[in-house]
Amino acid sequence: MPGPFERIAELDRLVHEPARLAILTALSACRSADFLFLLRLTGLTKGNLSAHLTKLEQGGLVAIEKGYNGRTPTTQVSLTREGKSEIERHWKALEKLRLAALEWQPDPR
Amino acid sequence: MQTGMNQKQLRRIESVTANYFFWQGLRWVPLGVALLLAILIRAAQPVITVLLMAVALALSGAAGRYYQRTFGNVRAIPGRHVRRDRWKWFFVYPLMAASLIIDGRMPSAFFVTGPVWGAAIVAYWNSTGRGRLHYLVIAAIVAASGFAPALGMIEPGKPMLNAFFVLLGVVYVIGGVLDHYELVRILGPLPEDHDAGTV
């Protein structure tokens, strides 16, 4: 059976990458957030945030909706149903790993 | 983006996003100024108080638009804060109102409103994502005001109530400004020229 440190490698990289985990965590706390908010919150450049959002959209975890607020173009991002269950599953997996790491004893052999 | 995300950072991201409205401190500053003005100029005529509140609400709305323009927009999850709202409307607010009535009708050396409202501020801090530690200091000051009549600093009854509302106005202004700085610190500057409308 793999130890807690080996199991880290099994985490979904699409979700576990720090920038994407930050985006998904923010989106899990709201119905939707716009591009500007995510830009300020994550500290990513516009290009990086766009690339991460595209990956998450392609993975079916977020939905991107473009529209207008008056004359200003807006981009609203929200979690899909799959995104919600994926981030919840990821949190549970992380918590399990944390507990396993706390209990872990090095192999005496 | 940093190389890693620890749980504390992620919790902070979650709480700021979930409570974004409450962290928009400049929204509360005009309300505090209006309260201060209403007490200090002794706005005996209700129309002046109503006018002050109308101006304060308009300025508060303008502050909200500033946040949307500068920091972006978040739509809250409907019903996410049902538990908080229930506690607020059925327990905290009635208790706050009752303490004011007690101090208004039965003035004594101990100003009950101080500790009750101090506890309400701690509850507000706890239920809106914790982060803003200045609310703990503010709550302690508000709670300590309960001892002001006993220490002979002010007469119980109406003078104490007036002084308390002045303190409350100051709390709104200072708390609001500190909320704003905390939000600016967390959300940080834009890393490059931005066009918020594109992905």
Side-chain angles (χ1 to χ4, degrees), chain A residues 8 15-57 62-79 84 87 90-91 94-95 97-98, chain B residues 1-24 61 64-82 84 127-131 180-199:
Chain A
I8 291 174
V15 178
H16 192 62
E17 194 283 330
R20 290 196 286 272
L21 186 55
I23 294 166
L24 292 171
T25 301
L27 293 175
S28 70
C30 62
R31 195 169 60 170
S32 69
D34 68 8
F35 188 78
L36 178 59
F37 180 79
L38 294 173
L39 202 61
R40 305 288 301 236
L41 189 71
T42 57
L44 292 166
T45 61
K46 195 173 73 172
N48 272 339
L49 179 58
S50 293
H52 285 303
L53 287 177
T54 304
K55 273 188 186 161
L56 290 170
E57 191 184 27
V62 304
I64 297 172
E65 192 185 320
K66 294 187 181 199
Y68 282 88
N69 183 8
R71 284 184 192 174
T72 315
T74 59
T75 303
Q76 290 290 331
V77 188
S78 57
L79 280 186
K84 274 177 205 157
I87 188 82
H90 191 78
W91 278 119
L94 278 182
E95 187 56 23
L97 271 174
R98 191 182 70 84
Chain B
M1 172 58 58
Q2 302 80 8
T3 49
M5 274 272 149
N6 62 40
Q7 281 207 321
K8 199 177 162 195
Q9 284 172 304
L10 291 171
R11 261 200 300 272
R12 174 56 60 92
I13 283 173
E14 191 183 14
S15 66
V16 171
T17 308
N19 299 288
Y20 183 44
F21 175 82
F22 294 101
W23 290 58
Q24 298 175 11
R65 286 190 291 280
Y66 155 77
Y67 282 109
Q68 192 170 342
R69 228 174 26 246
T70 314
F71 298 100
N73 191 29
V74 171
R75 290 183 190 152
I77 298 171
R80 183 185 167 104
H81 302 297
V82 170
R84 175 172 79 191
S127 67
T128 54
R130 294 191 166 199
H180 174 74
Y181 280 115
E182 183 83 357
L183 187 68
V184 169
R185 193 179 63 79
I186 291 169
L187 293 184
L190 280 173
E192 60 176 356
D193 289 343
H194 69 100
D195 172 3
T198 57
V199 169

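Side-chain N or O atoms of A/Arg40 include one that pairs as donor or acceptor with a backbone N or O of B/Gly188 at under 3.5 Å. No donor-acceptor distance shorter than 3.5 angstrom exists from the side chain of B/Asn73 to the backbone of A/Asp34, with no hydrogens or angles considered.
Going from atom CD1 of B/Ile77 over to atom OG of A/Ser78 covers 10.5 Å, rounded to the nearest 0.5 Å. With values rounded to the nearest 0.5 angstrom, B/Arg69 atom CZ is found 11.0 Å from A/Leu36 atom CG. Atom CZ in B/Arg12 sits 14.0 Å away from atom OG1 in A/Thr25 (nearest 0.5 Å).
Counting heavy atoms of neighbouring residues, nucleotides and ligands inside a 6.0 Å radius, atom OH of B/Tyr66 exceeds 12 of them.
Of all non-hydrogen atoms in A/Ala26 and B/Thr17, the two that sit nearest each other are O-CG2, 3.2 Å. Closest approach of B/Ala76 to A/Arg31, counting heavy atoms only: O-CB, 3.5 Å. The minimum heavy-atom distance between B/Val74 and A/Cys30, with the atom names listed, is CG1-CB, 3.5 Å.
Under the rule for a side-chain contact (heavy atoms from CB on, under 4.5 Å), the partners of B/Gln24 that lie at least two apart in sequence or sit in another chain are B/Tyr20, B/Arg27, B/Tyr67, B/Leu183.
Both the backbone and the side chain of A/Ser32 have a heavy atom closer than 4.5 Å to some heavy atom of chain B. Proximity to chain B (any heavy atom under 4.5 Å) is restricted, for A/Glu95, to the side chain, taken from C-beta onward. Heavy atoms of B/Pro189 lying under 4.5 Å from chain A belong exclusively to its backbone.
A side-chain contact (heavy atoms from CB on, under 4.5 Å) with B/Leu10 holds for exactly one of A/Leu94, A/Leu21, A/Leu24; it is A/Leu21.
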